[in-house]
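Below: the structure, in structure tokens.
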Amino acid sequence: MGKVILTIIALGHIALAQNFISQKSDTLFPVESKYIYKSIDDVKIITSDNNLTSLSNLWNKKPFLLTLIFSRCAGICSPLISSLKFSIEKITGNEREKNFYIVVLSFDTADTPEDMDAFKKDLNLSERNDWIFGIFADKEKIKKFTDELGFWFNWVDSIGQYDHPGIVVGIRDGKIVRILVGGEITVVKLREVIDEIKGNFVPFYEIQKNVAFRCLNYDPETGKIKIGIGTLIMFIPAFFTFFITFTIFIFSGKIHKQNQKSKTKQVIQK
Amino acid sequence: MAEIAIKAEAVEIEAKVKKLTLVWTGLTFILFPILGLLGFLMRLVQGNVFPMFPPEWFYSILTLHGVGMVGLWFVEGMIAVIYLLSKYVKPSAGVSWFSFTFTLIGVALIIISTIAGKFGAGWYFLYPLPYKSAEIWPNWATDLYLIGLGVLGIAWTVWVIDVLRAIAKKYTLNQALAWHYLAGKTEPELPPIILIVTVTCIGAITGFLAAVALLLLFLFDRVSGTPADPLLMKNLVFYFGHVLVNITMYLGVAILYETLPQYTQKPWKTNKLVAFAWNTVLFLVLFAYFHHLYMDFVQPKAFQIIGQFASYFISVPAAVVTIFSALAMIYKTKVNWTLGSSLIFLGTMGWAVGGVAAVIDSSIAVNFRFHNTLWVPAHFHTYFLMGVVLMILGFIYHFSQLHSNIPDNSKLAKFTVWLILIGGYGFLSMFYTGGALFVPRRYALYPPALSSGTTLAQISIVFVSILTIGFLLYLIQTIRRWARSF
Ligand code: HEM
Ligand SMILES: [Cu+2]
């Protein structure tokens with residue numbers, strides 16, 4: 001009994017410690033678990049082609065990936081969008097019309113729809129309707145909106161730039177489904193997020209560990225599953241059973257016939 | 001001259017088989033009360049009668065009770081069937097003795113593992129728990145448990161292969177599987193017990209081979225340190241576990257087909273329907289176990305669907321054919337109801353009730369709710385405790401009475417049967433109610449949120465007490481006759 005309690009307490013400690021670490025690191029990157037399934041604010045936005053719309057208008061049509069940038073950024077913003085674009089194309093292939101949007105919003109009050117249009121062009125995305133670039137229609141709401149995603153930005157005078165993390169948030173029906181952080185969006189992670197915003201259950205994920213005789217081999221790059229040697233192992237018992245059964249019946253049958261023959265011989269001799 | 005020699009041989013075999021059966025069945029009189037009382041103890045703990053009972057003890061008892069009962073009734077089913085089969089074919093007595101010795105060794109290892117080593121991963125030792133005990137039990141306890149199972153596996157594989165060999169000596173494979181009946185012929189005549197036992201032994205071999213693969217993978221993990229794929233391990237363990245439990249029931253049914261006619265004076269013959277039903281079982285026996293993996297979402301979807309349909313089709317023909325034939329046997333017939341024949345017949349009915357509960361739970365939509373609730377012990381205790389156990393206990397009485405010539409005390413027999421029925425079904429209904437209320441299985445003490453589990457366990461204690469008295473009376477009547485049979 002004592003041991004059980006000790007184990008539980010020990011596990012609890014580890015969990016608490018982890019919580020503690022994560023709370024600290026939250027100052028740099030938002031921690032997904034703190035924000036998951038929370039609703040985001042339904043703000044009005046002005047798109048790069050000067051349309052006034054709202055986020056709910058978008059999420060009522062399709063789920064979307066949301067990212068926050070500013071157009072003058074000399075740091076993470078362009079590489080982030082480029083890697084996002086690269087990974088999305090890798091996942092969805094040549095699909096022109098996707099079943100989700102990618103919403104790129106500027107948190108910089110100085111950005112205009114024209115700035116965003118130029119930014120979109122720079123990235124060779126101007127033809128793509130599923131990529132929506134825009135600014136907040138109501139500048140007052142930016143702070144509250146970003147706070148609720150765990151996103152932050154600080155103006156740094158010395159370099160004339162905002163300091164901010166890179167995040168991509170998966171939104172379905174106005175709720176946060178996943179948050180990816182960092183400047184590089186990998187295909188593997190993004191595939192899961194895209195599946196989840198579409199409401200698909202993600203049964204597989206990448207594991208680093210070496211596992212012997214896997215039933216299924218999952219390729220996280222392509223999302224494909226291949227039958228592994230483990231599945232074949234499941235058929236071995238049946239295979240051997242056939243073999244054993246036939247052997248028994250063939251051999252016993254033969255011996256039986258021989259015995260019968262010799263018995264009849266004996267009887268005849270007698 | 002030759003004829004006399006053959007008769008002498010038959011008498012000699014009968015003496016040999018009789019002795020074998022006496023010794024094997026004697027094991028029941030020791031193990032069944034112990035394992036049953038462990039079950040009683042678990043219900044007491046769950047009813048909060050001993051609030052200070054260490055949970056890790058509960059789990060080692062749970063494991064011993066589970067594996068012990070599953071193993072015990074398999075071997076008793078085997079020996080009963082071997083005794084009944086020896087009228088037609090000649091399984092080797094030597095192999096049965098070999099199996100007996102190794103079974104005792106395996107049982108001893110498992111008892112040491114669970115009692116001294118506190119191994120408590122549950123009877124089907126789901127990977128990777130056995131070697132990740134959070135220091136509740138040491139790794140050597142797991143080693144012993146797995147070695148014990150390995151020893152049993154070897155003993156029993158040899159045993160079933162020998163029974164098949166005996167059948168193969170007289171019948172070809174398609175005769176033993178009654179394929180000529182499917183083709184519309186009735187010659188040569190095949191006693192149903194041969195068909196059922198053939199199907200059972202072939203099934204047993206696959207199940208035991210799956211266990212071999214599983215144990216080798218455990219060994220690989222233990223030696224190399226490379227973890228095995230839990231999905232593969234779970235598939236293999238239920239392949240083995242499901243098959244073992246199911247073939248034990250088939251052994252019970254084989255007993256029914258062979259013994260019931262002796263009490264009704266009507267022959268029970270193989271026909272096209274019987275042949276069809278048991279061939280379906282043979283064909284599907286490998287696929288039904290998928291119903292244990294419905295919650296494993298990485299399992300290929302096709303397997304899940306196959307699992308559901310295999311579960312339906314494997315149980316329905318065999319059960320329906322058997323139950324209707326059994327009812328037809330006793331319908332408008334003067335049946336000689338002894339303690340033996342009553343238990344065998346009621347066991348068949350329990351098999352039916354448990355089967356229905358099992359089929360309900362093997363529907364994917366239902367399993368989403370009932371998975372690992374008390375519904376699970378409810379259904380398998382129905383077809384085991386009130387099913388095959390009654391059939392085998394009925395057989396042991398039948399056998400002992402036959403050889404002791406002590407007449408049946410029908411009043412006492414009736415009273416015994418009623419106690420077992422009331423106690424047994426009362427006990428089961430508490431499990432079923434728990435399942436319907438979604439109380440999870442395998443809790444030593446129910447937390448406040450599951451207090452209905454505690455209440456049900458408390459009511460259960462009354463019924464288990466009645467059941468215990470019933471079994472006690474059974475044992476008194478049977479052991480008396482058994483002892484006189486030597
Ligand atoms: C004699 C009367 C019996 C009583 C009072 C009894 C009682 C119990 C109890 C209380 C449990 C734990 C249920 C839970 O998960 O909460 C259990 C589990 C189990 N019982 Fe019985 N039982 C009896 C007979 C049998 C029989 C005849 C079998 C035949 C195979 C059997 C096989 C099992 C198995 C396999 C488990 C599950 C073990 C596990 O979860 O690893 N029991 N039993
Ligand atoms: Cu099963």
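Every chain is numbered from 1, with letters handed out A, B, ... down the list of sequences.
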Fill in: Contacts of type side chain to side chain donor-acceptor pair (under 3.5 Å), residue B:Y131, not counting sequence neighbours
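B:Y131: side chain to side chain donor-acceptor pair (under 3.5 Å) contacts with B:D143, B:R222.
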
What's the spacing between [X] [atom1] and [Y] [atom2] if we round to 0.5 Å?
| X | Y | atom1 | atom2 | result |
| --- | --- | --- | --- | --- |
| B:Q299 | A:T231 | CD | OG1 | 8.5 Å |
| B:L173 | A:I250 | CG | CD1 | 8.5 Å |
| B:S224 | A:N210 | OG | CG | 9.0 Å |

Worksheet item: Given the rule in the ring-ring contact (aromatic ring centres under 6.0 Å, His included) test, do B:Y171 and A:F249 qualify, once you have shown the distances and angles that lead to the verdict?
Response: CA-CA 8 Å; B:Y171 302 93; A:F249 274 87; 9.1 Å; no

Worksheet item: Contact part of A:F242 toward chain B, heavy-atom cut-off under 4.5 Å: side chain, backbone, both or neither?
Response: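 It is neither, since no heavy atom gets under 4.5 Å.
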
Worksheet item: In terms of heavy-atom pairs under 4.5 Å, which option from B:T226, B:T198, B:I167, B:D221 contacts chain A the most?
Response: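 Among the listed options, the one with the most contacts to chain A is B:T226.
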
Discussion item. For residues 233-240 of chain A, give me every residue with a non-hydrogen atom less than 4.5 Å from any non-hydrogen atom of chain B.
Written reply: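 Under the 4.5 Å heavy-atom cut-off, A:I233, A:M234, A:P237, A:A238, A:F240 qualify.
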
Fill in: Residues from residues 202-212 of chain B approaching chain A under 4.5 Å (heavy atoms)
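Interface residues of residues 202-212 of chain B: B:I202, B:I205, B:T206, B:L209, B:A210.
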
Worksheet entry | Close approach to chain A in residues 152-165 of chain B, criterion heavy atom under 4.5 Å |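 Interface residues of residues 152-165 of chain B: B:I161, B:L164, B:R165.
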
Fill in: Other residues, nucleotides, ligands: >12 heavy atoms within 6.0 Å of A:N57 CG
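Yes, enclosed.
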
Discussion item. Are there over 12 heavy-atom neighbours, none belonging to A:I229, within less than 6.0 Å of that residue's CD1?
Written reply: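 Incorrect, the count does not exceed 12.
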
Discussion item. Counting only non-hydrogen atoms closer than 4.5 Å, does B:F240 touch chain A with its backbone (N, CA, C, O), its side chain (CB onward), both, or neither?
Written reply: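 No part of B:F240 comes within 4.5 Å of chain A.
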
Worksheet item: So A:F201 and B:F297, would you call those rings parallel, tilted or perpendicular, with 30° and 60° as cut-offs?
Response: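 Because their plane-to-plane angle is over 60°, the rings of A:F201 and B:F297 count as perpendicular.
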
Worksheet entry | Taking every non-hydrogen atom, the tightest pair across A:C215 and B:L231 |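 Scanning both residues completely, I find the closest heavy atoms to be CB-CD2, 3.9 Å.
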
Discussion item. When you compare the side chain of B:D229 with that of A:F213, does any pair of heavy atoms fall below 4.5 Å?
Written reply: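 No, side chains not in contact.
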
